[in-house]
Structures are given as structure tokens and as C-alpha cells.
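So that the names make sense, note that chain A is the first sequence line, chain B the second, and so on, each numbered from 1. No hydrogens, no waters, no symmetry mates; every other heavy atom, side chains included, goes into these values.
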Amino acid sequence: MDRVVRLKLVLWVMVGLAAAIATARFAFGLGATTHLSDATPWGLWVGFDVMGGVALAAGGFVVTATVYIFKMEEYHSIVRPAVLTAFLGYVAVVVGLLFDLGLPWNIWHLTIYWNPRSPLFEVGWCVMLYLTVLMLEFFPVPTEGISALASLRRFLLTLRIPLVILGVALSTLHQSSLGSLFLIMPYRLYPLWYSPLLPVLFFISAVALGLMMVILESHVTAYLYRRKPETGLLAPLGAATRWVLAVYVAARFGDLAARGQLHYLASGAWQAKLFWLELALMAILPLALMSATRFRRQAGWQGAAAAIGVAGVVLNRIDVGGLADIGRGGPLYAPKWTEIAVSLGIVAAATLAFLFMIEHFRVWESRPADPEADPRKLPEFDKVGFTWLGTPAVAGRVKYSLGFVFAAGAGFALLGSPLAARQGSVPAPVHRARGDAGYLRSGVSEAASLGQPGELPRGVLYIDGDLTRYGVTFYHQREIERNGREKSCVLCHHMNMPHDQDSGCYACHRDMYQKSDASRHDWHASPHGANLACVECHEPGYARTSAHVKPCADCHKNLVPAGATIEIPNYNAVSYVDAMHEVCNGCHVKVAAREKKPEIARCAECHKGRLNFSDTRHYLYSPHAPAGRLVILPPPKVSEVH
Amino acid sequence: MKPAILTDTTKCTGCSECAIACQRVNRLERDIPRRWDFGDGLSAENWCSVVDAADNTFVRKQCRHCLDPACVDACPVGAMHKTAAGPVLCDTSKCIGCRYCMMACPFGIPRYEWSNVVPYVRKCVLCYDRIKAGGQPACTEACPAKATIFGDRDELLAEAHRRIRRNPGKYLDRVWGESEVGGTSVLYISGIDLSFLTYGEHFGKEPLPQTTTLAMESVPFAFLGMGAAMGGLYWIIERRNRLQAEKAAGEAKGQREPEK
């Protein structure tokens with residue numbers, strides 16, 4: 001396979017994978033497809049796709065300024081690729097943003113709801129305007145063959161210089177404003193990154209990145225299309241980059257020194273290591289490589305220096321965008337594989353668009369020999385050496401399609417159960433039981449008898465489904481005996497159901513929250529039963545529902561035995577949960593009134609701490625607890641659960 | 001009147017009546033622990049939580065309703081806004097879901113509905129409807145120990161200082177929320193250090209929106225300045241090139257003539 005075909009296959013695979021995840025992203029939401037959390041609401045999609053993408057596209061304004069403002073005509077040959085890269089880069093930024101926004105369909109709100117004090121508002125507007133400028137700048141290239149648009153092209157050419165100046169000014173604004181975004185979080189960003197100079201640092205590094213990106217892109221496409229690398233032409237750009245990088249390093253350290261934060265550099269924290277790695281990649285290594293004339297003039301080293309620098313600046317943007325958070329509580333952020341796949345997929349799609357444009361339009365002075373230009377071309381062998389000379393286009397397209405489809409399928413398969421991921425539930429610690437010889441690994445003594453707080457008898461599961469550290473015990477052996485011994489296993493353990501190996505408690509105890517009919521309506525109404533007219537129970541003139549009905553006890557005087565704690569106020573029988581409340585709280589309310597201690601009748605008396613009502617206080621502590629089945633354990637120490 | 005809440009952690013018994021009242025009044029749903037939880041009990045469905053802090057102290061956590069809120073400054077579409085009555089609210093019809101407010105908040109308060117396909121930012125609204133109608137928030141109304149009370153900010157500040165003065169051994173000599181990041185509507189007095197409620201250890205007194213003021217105010221100047229500089233450079237270089245070309249043409253003409 002030709003280099004280009006091989007690369008395109010890889011890119012199509014990446015796009016296919018991303019397409020599958022994109023579906024899941026919009027069908028199931030951010031919780032299902034990212035590792036973002038309330039502690040780190042911004043992650044890779046902001047750091048890489050948006051901030052990295054804008055920075056990567058900085059080549060456009062740097063090169064247009066070089067050629068059209070500074071009149072360095074020798075670089076004219078790289079203007080079109082640079083503008084194209086910038087244009088596609090910004091499109092990729094917007095696409096990435098649509099993935100990251102919670103409500104992407106509202107993105108147009110930026111145009112009508114204004115908050116000019118917000119740096120993000122300014123970035124949004126600049127990106128919109130600059131994307132338009134780039135489109136106008138690049139418009140003449142793909143429409144070159146269309147004569148109907150010739151007058152429009154001529155008009156745009158007269159606007160070229162104002163457009164270039166507008167593009168430079170807009171880029172200055174938003175490249176720096178991406179740094180301004182983080183000015184408002186001085187307490188969140190690690191001190192090695194937070195600085196009032198962030199906008200300036202972002203702008204300088206964007207200029208350097210723009211230059212390095214042009215160099216890198218030239219080398220990569222030269223390799224792909226077997227062109228001669230433009231090393232000689234690019235060497236002065238490398239030299240210019242060197243100066244920009246030197247200014248950047250000086251500004252970065254000067255800023256640290258001025259703010260008195262230099263001591264963090266040697267602190268040994270992982271953030272300090274990250275800082276050194278980032279600075280080495282984005283400035284120190286490229287600076288060293290580009291300073292040596294020998295390296296600067298050699299194609300391989302020149303490309304390598306640019307590649308390292310590009311990676312470094314992107315890492316810088318990811319660091320500022322979320323990695324270099326101080327972090328206080330909550331889960332630590334590491335991107336989920338789906339986030340990485342989407343980011344790479346967007347880059348891959350942009351690259352494919354770039355390759356398409358240079359193959360089909362005059363982006364370069366001469367179009368490259370398309371490796372798949374002639375669809376009728378047959379595979380060829382060199383007659384002497386029997387080496388493979390080329391691949392017919394159709395074969396390439398078949399490969400791309402297959403790669404895309406298989407990658408999308410693999411993406412869906414790898415996603416697992418997005419519905420489960422969307423709930424964000426954490427695996428609950430249910431300790432295994434082994435019948436009567438069962439044991440518990442939670443550090444609770446297994447040989448204890450019931451009645452001692454904190455200890456469990458044999459053969460009992462401790463289930464803490466919602467991780468509140470309050471759970472219920474489950475008598476495994478007793479359930480087996482009650483439900484028919486060996487035959488009973490399948491009642492709860494559905495071995496044939498993926499992702500659902502056990503039934504929840506609710507599958508059997510359906511009446512936990514349900515109120516049920518206390519009486520048989522059909523029997524009461526039937527001539528063969530009580531033979532009652534409607535109005536004997538239902539209030540006349542009202543809808544005949546359970547809301548307008550006599551309490552059962554009006555007729556059934558002996559329904560509730562004297563001294564019972566459970567009352568039947570109306571037609572509906574109480575649910576299990578209500579009944580359980582009545583067992584405790586009925587007495588608590590009375591005692592509270594009698595003893596004038598209102599606090600013992602409050603919900604929080606039993607439901608301590610969190611709001612989840614399943615976490616009732618340890619029932620066994622109550623002096624009234626029967627030797628019954630409902631046992632609420634005192635919370636084990638966190639270290640025991642995890 | 002500037003509505004405010006004063007929470008005295010020495011009086012709190014941790015009964016969570018405030019959180020229960022908040023869920024009932026704001027019609028929030030039961031929530032389960034999620035992967036993306038901060039670990040402080042707050043979530044998109046829990047706008048008020050009671051943190052079991054050190055030394056047997058319970059600290060009620062909720063939105064601080066800053067006097068000059070960072071989230072309001074950050075919101076690019078103006079969805080997050082500070083009402084004239086005081087509470088900081090999010091207008092969900094404007095929200096685009098960028099979550100910049102969550103990044104900007106120095107207290108880490110706004111929470112996201114990560115499990116929803118149409119997610120919104122949610123947080124305490126200081127029971128806006130109730131205080132607008134002359135009432136008080138559900139949480140302060142529900143507190144049986146009067147550990148958290150509602151009132152005018154100035155009066156509550158005076159009350160807080162009075163309590164500290166009267167009982168210097170019981171309280172640390174500080175009212176949390178009095179001046180950090182420009183002051184907040186929710187104030188705390190406590191016997192323990194409450195800096196765990198915030199992102200940084202040491203908050204300055206400057207409101208956070210001021211950090212972006214310089215950068216944002218220089219935007220028009222940067223735009224015009226850069227445009228003018230580029231235009232000027234273009235003019236100078238263009239002129240120099242043109243003059244050079246004319247000179248070269250003139251010289252070429254001058255050289256050619258003697259040949260003829």
C-alpha cells in the first residue's frame with residue numbers, strides 16, 4: 001500500500017471509532033461517554049479539541065501576516081496550505097465544542113444573549129468571525145474552476161489585505177483570550193500555571209506554535225506525497241521560531257520569579273514534574289534543536305523539532321484546561337478512552353479533508369500525483385523485481401469503507417452499556433455468601449450471634465446498594481429454604497442475562513413502596529357479595545375514586561385490633577415502607593409529645609447524615625428491635641469498604 | 001435589604017432537616033451516589049448538604065450567593081445572573097452548557113446533570129420565590145436548632161460579631177463570607193477552620209470578576225492596536241518596496257540608455 005493509502009485507512013478507522021462514540025455521546029449524554037465530574041467539569045475536549053485546536057490553527061494568521069503584510073514573498077507557496085490548515089482547524093474546534101457543550105443546539109445563543117464581560121463570550125465571537133475570514137480567504141481556491149464565481153473571486157482579492165489584517169487582529173484577541181478564560185480561577189489553577197500574564201503567554205506560544213505547525217505540516221505532507229522537503233525555505237521560519245520561543249521561556253520564568261512562585265519548581269509535586277515536561281517539550285527542546293544551524297537545516301531534525309514543539313504546546317493547553325487543577329475532593333480526572341477516541345477522530349476527519357483538498361485543488365503550486373487518481377488502474381507489479389507498484393483506487397476505497405465500518409462496530413462493542421455508565425453508579429460492595437458456611441470479607445466477625453451491633457451471623461449477605469455505608473442483611477440460607485431449595489437459585493441469579501446477574505431486592509419485594517387495595521371492590525359491589533350501592537361508600541357528587549371514599553373502619557369496626565400501631569386511615573392499605581415507619585415513628589411521635597422532646601420524632605433521628613431514606617439508623621440499637629429480619633448495620637469505616 | 005444566611009456551626013446538630021426541607025420545597029428528586037460526585041453531598045438534586053467535618057462539627061454547604069459572583073461574570077450568554085433581590089440564578093433557557101460557571105466558582109458549588117441527555121447546571125436558588133414573597137428560605141425555616149438563620153446581611157454580620165465577642169473561646173475570630181472574594185450572602189461562624197469549603201486555602205478580598213477586567217477592557221485596544229500596527233506596517237513596507245522598485249527601474253533605465 002502506498003503511504004497515503006495506509007495513512008487514510010488509519011484515519012478512516014479513527015473516524016469510524018469516533019462516529020460510534022459520537023452516537024453514544026448524543027444519545028446518552030456526557031456522563032456516559034466522559035470521565036468529567038463536578039470536580040473537573042472541563043476535560044480533554046476543552047483542553048485538546050478547543051484550546052489545542054485553536055492554537056494548532058495559529059499558522060494561518062502567522063503565515064498570512066508574513067507574506068501579505070511583511071511582504072516576504074518567498075513564503076507564498078505555503079500560504080494556501082497554512083490557511084487551509086487554519087480553516088479546517090477551526091472547523092474541528094467548533095465540532096469538538098459541539099461534543100463538549102451540554103446543550104450544543106443552543107450554541108447560537110452567543111449571537112443574541114451577550115455578556116461582554118465574559119472571556120468566553122469574546123472567544124466565541126472571535127472564533128465565529130475568524131472562521132468567516134478564513135472561509136473568505138480560502139474561498140478562491142476550491143472555486144478556481146467555476147467561471148460563474150469569477151467576479152466574486154476578484155472582489156475577494158481586492159479585500160485580501162483588509163481580510164488579512166482583520167484575521168491577525170481577531171487571532172490576537174482570541175488566542176490570548178483563551179488564556180484570559182483562566183484568569184478568573186486563581187484558586188483553582190496550580191500556581192505554576194496561573195498568572196495574570198496568561199493571555200500574553202498564550203499569544204506568544206500560539207505564534208511559536210503557528211510557525212512550528214507550518215514546518216511540521218510541510219514535512220509530513222512532503223513525506224506522504226514523496227515531495228522534496230522544503231527544508232531550505234523553512235529554515236528561516238525555524239530561526240524565527242527560536243526567537244519567539246526564547247521570549248516565551250523568558251516571559252514564563254520572569255513571570256514565575258515576579259510572582260515569587262519559583263520554589264514550586266523544585267517542590268517535587270507531580271505538577272512540578274508536569275511543568276518541566278511541558279516546558280521541555282514546548283520550548284526547551286525545540287529551542288535547542290533550532291538553535292543549532294546543523295539541525296535546523298536538516299530535514300529530519302527540523303521536522304522533529306517542530307513535532308516536539310507542537311506536542312508541547314498542545315500539552316500546555318491540556319494542562320491549563322483541566323490537568324493542572326489543584327483539585328479538592330472529588331474524583332481525579334483522567335480522560336476516558338471515548339474522549340480520546342473522539343478527539344483523535346475529529347483530528348483524523350480534519351486531516352482527511354486536508355488531504356482531499358490538496359489532492360483535488362491547487363493548494364500547492366502543483367497538485368500531487370494522486371495515488372488513486374485513475375479508478376480503472378489495475379494493480380501493477382514491477383516486471384523485474386516483482387515489487388508492488390500501486391493500488392487501484394477502488395481497492396483503497398473498499399479498505400477505507402471496511403475500516404470505517406469495522407471501527408464503528410468495534411466502537412459500539414467497546415462502549416459496553418452506556419445506559420449503565422450514564423447513571424454513574426459505582427459498583428456496590430455486596431459480600432459473597434456461601435450458604436451456612438458463608439463468610440464475610442468486610443472485617444465483620446462471622447461467628448457472632450444476632451443481637452450484637454456490628455456483627456453478623458453466618459450465611460448472611462451485607463448489601464449496600466447505594467453505597468451510603470448503611471445496608472441491609474440478607475439471609476441467604478433462609479431464602480433458599482423458603483423458595484424451594486436447589487430450584488430457587490434461578491429466582492435471583494439469572495445466569496443467562498448479561499449485565500444483570502442478580503435480581504434486585506425489589507424484584508420480589510415489590511410492595512415496598514406500593515400501596516395496595518385493602519378491600520375487594522368487585523365483591524363489595526356484586527349482588528352476590530355485599531351488594532352495596534356506589535353511594536354507600538363513595539361520597540355522592542364526587543368522582544368515584546379512592547380519594548372520595550369512606551374509611552374501611554367506618555363499617556369494619558373490628559378491622560384494627562385495639563392497641564395496634566398501624567392505622568388504616570382510608571381505602572388504601574399502607575405500603576411496606578409506610579408500615580415500617582409506623583412501627584417506629586408511631587411510638588416516637590407519642591413519646592415526643594408526652595416528654596416534650598420533639599427531636600426524637602424527626603426524620604433525622606433515624607435517617608442520619610445523608611438524605612437517602614434507605615440509610616435508616618441502626619435498627620438494632622433500638623431497645624424495641626425484635627430479633628427480626630431487618631438489620632441495618634452501623635456504617636463500616638471507609639477503608640474497609642474500599 | 002440584602003438577604004443573607006448566617007450559619008453557626010457550633011449550634012448545628014447535623015440533623016439534616018435543612019436538606020430535607022430544601023428537597024421538598026424545590027421538588028428535587030432522591031439522588032444516589034454517582035461517579036462524578038464531589039464527595040460533599042451536593043449534587044444536581046441536592047442543593048444543600050450537611051458535611052460531617054472534623055471535631056464533631058457539622059457544616060451546612062450551599063451556594064454562597066457572592067455579592068460579586070465569578071459565575072455570573074464567566075457565563076458567556078448571561079444565563080447565570082445576580083437578581084436584584086440577591087440570589088444568583090441560572091436562566092436555563094439561555095444556557096449553552098459550557099460549564100464555565102462550574103470552573104469559575106471558587107467554592108465549587110454549581111453541579112451538572114451528567115446523567116441527562118439534556119443537562120443543566122443546578123444549584124441553590126436561595127428559595128428566590130419565597131424570599132421575593134417576603135418569606136425565608138426553606139432551610140433556615142426548617143432548622144430546629146436555629147443554627148442557620150435568615151436576615152439582612154448587615155444585621156447578620158453584626159450578630160455574628162456579637163456572638164464571637166461574647167464567646168471568644170467558642171468561635172474562631174472570623175466570619176467566613178464577610179470579605180472573601182468580595183463578600184458572600186451566606187456567612188459562617190465556627191469553632192473550626194472552614195477553609196475546606198473553598199478551592200484555595202487563602203482567599204483574597206478582591207472579587208474574582210476583577211481578575212478578568214484588565215484583560216477584557218484591553219480587548220478593543222488590542223484589536224484596534226493590532227489592526228493599526230498591521231495596517232501601518234503594510235503601508236510602510238509596501239511603500240518601501242514600491243520606491244525600491246521605482247529606483248531599480250530608474251537605474252535599469254539609466255543603465256540601459258548609454259548602451260543604446
Side-chain angles (χ1 to χ4, degrees), chain A residues 27-31 36-39 41-42 65 69-71 101-104 106-107 109-110 113-115 117-122 124 161 165-166 168-169 172-173 180 183-188 199 326 328-331 422-426 466-468 598-599 602-604 609-612, chain B residues 14-17 19-20 23 30 32-41 46 52 70 73-78 94-100 102-104 106 108 111-112 114-119 144 198-200 203 208-209 211-212 215-216 219 222-223 226-227 230-231 233-234 237-238 241:
Chain A
F28 300 106
L30 287 166
L36 297 175
S37 71
D38 285 331
W42 281 3
I69 310 271
F70 305 134
K71 294 278 170 197
L101 287 182
L103 309 162
N106 281 352
I107 193 170
H109 282 183
L110 272 179
Y113 300 122
W114 285 26
N115 179 16
R117 286 186 55 81
S118 167
L120 193 58
F121 168 81
E122 194 232 307
I161 298 300
I165 293 175
L166 185 61
V168 174
T172 312
L173 288 197
S180 309
L183 288 179
I184 205 165
M185 28 193 122
Y187 307 114
R188 192 182 184 105
I326 285 176
R328 288 182 77 80
R422 175 181 162 185
Q423 291 307 319
S425 45
V426 203
D466 51 6
L467 283 185
T468 50
E599 66 275 7
R602 280 196 197 102
C603 309
R610 301 254 200 113
L611 259 185
N612 289 305
Chain B
C15 73
S16 303
E17 290 287 318
I20 294 167
Q23 283 214 320
R30 265 185 59 158
I32 57 165
R34 316 270 197 170
R35 171 183 63 73
W36 43 76
D37 276 355
F38 205 95
D40 59 359
N46 287 335
D52 199 346
D73 192 68
C75 183
V77 290
K94 289 183 180 176
C95 181
I96 60 171
C98 69
R99 307 186 295 284
Y100 191 18
M102 302 173 69
M103 289 294 284
R111 299 299 153 97
Y112 213 49
W114 297 107
S115 56
N116 283 9
V117 182
V118 184
T198 59
Y199 253 105
F203 270 20
L208 285 178
T211 54
T212 53
M216 292 312 293
V219 158
F223 181 75
M226 201 64 180
M230 286 296 135
L233 274 175
Y234 172 74
I237 295 169
E238 170 79 9
N241 285 2

Taking Trp42(A) for the side chain and Cys98(B) for the main chain, is one N or O donor matched with an acceptor at less than 3.5 Å?
yes
Mind ranking Leu30(A), Leu173(A), Leu166(A) by heavy-atom pairs under 4.5 Å with chain B and telling me who comes out on top?
Leu173(A)
Highest number of heavy-atom pairs under 4.5 Å with chain B among Thr172(A), Val168(A), Ile107(A), Leu36(A) belongs to Leu36(A)
Below 4.5 Å, heavy atoms only, C-beta onward: do Phe70(A) and Leu233(B) meet side chain to side chain?
yes
Among Pro119(A), Ala27(A), Pro199(A), Ala65(A), who wins on heavy-atom pairs under 4.5 Å with chain B?
Pro119(A)
Measure the shortest side-chain to side-chain distance between Thr198(B) and Tyr187(A) over non-hydrogen atoms and say whether it is less than 4.5 angstrom.
no
Pick whichever of Arg99(B), Glu238(B), Met216(B) has the most heavy-atom pairs under 4.5 Å with chain A.
Arg99(B)
So Asn106(A) and Cys95(B), do their side chains get closer than 4.5 Å, heavy atoms only?
no
So, taking the atom named CD1 in Ile69(A) and the one named OH in Tyr234(B), what distance separates them when rounded to the nearest 0.5 Å?
8.0 Å
Option in Met102(B), Met103(B), Lys94(B) with maximal non-hydrogen atom pairs under 4.5 Å from chain A
Met103(B)
Assert top hit (heavy-atom pairs under 4.5 Å, partner chain B, pool Pro104(A), Gly29(A), Gly102(A)) equals Gly102(A)
Contact class of Ile161(A) relative to chain B, heavy atoms under 4.5 angstrom:
side chain
Looking at every non-hydrogen atom in both residues, tell me the closest pair between Ser118(A) and Tyr100(B) and how far apart they are.
OG-CE2, 4.2 Å
At their closest point, which heavy atom of Ile184(A) faces which heavy atom of Ala104(B), and how far apart are they?
CG2-CB, 3.7 Å
Run the ring-ring contact (aromatic ring centres under 6.0 Å, His included) test against Tyr113(A) and tell me which residues pass, sequence neighbours left out.
His109(A)
Could you tell me whether the side chain of Thr212(B) and the main chain of Leu183(A) form a donor-acceptor pair under 3.5 Å?
no
Is there a side-chain contact between Tyr112(B) and Pro41(A) in this structure, where contact means two heavy atoms from C-beta onward sitting under 4.5 Å apart?
no
Among the listed options Asn115(A), Leu110(A), Leu103(A), the residue most often paired with chain B at heavy-atom distances under 4.5 Å:
Leu103(A)
Test item: Val77(B) and Phe121(A) side chains (from C-beta on) under 4.5 Å apart, heavy atoms:
no
Heavy-atom pairs under 4.5 Å with chain A: which of Asn241(B), Val118(B), Asp73(B) has the most?
Asp73(B)
Identify which part of Ser180(A) has an atom lying under 4.5 Å from any heavy atom of chain B, answering side chain, backbone, both or neither.
both
Decide yes or no for Arg422(A) and Val117(B): does some side-chain heavy atom of the first lie under 4.5 Å from some side-chain heavy atom of the second?
yes
Taking all non-hydrogen atoms of both residues, which atom of Pro76(B) and which atom of Leu120(A) are closest, and how far apart?
CG-CD2, 3.7 Å
List the residues meeting side-chain hydrogen bond (donor to acceptor under 3.5 Å, both in side chains) with Asp40(B), not counting sequence neighbours, and say none if there are none.
Lys61(B), Arg111(B)
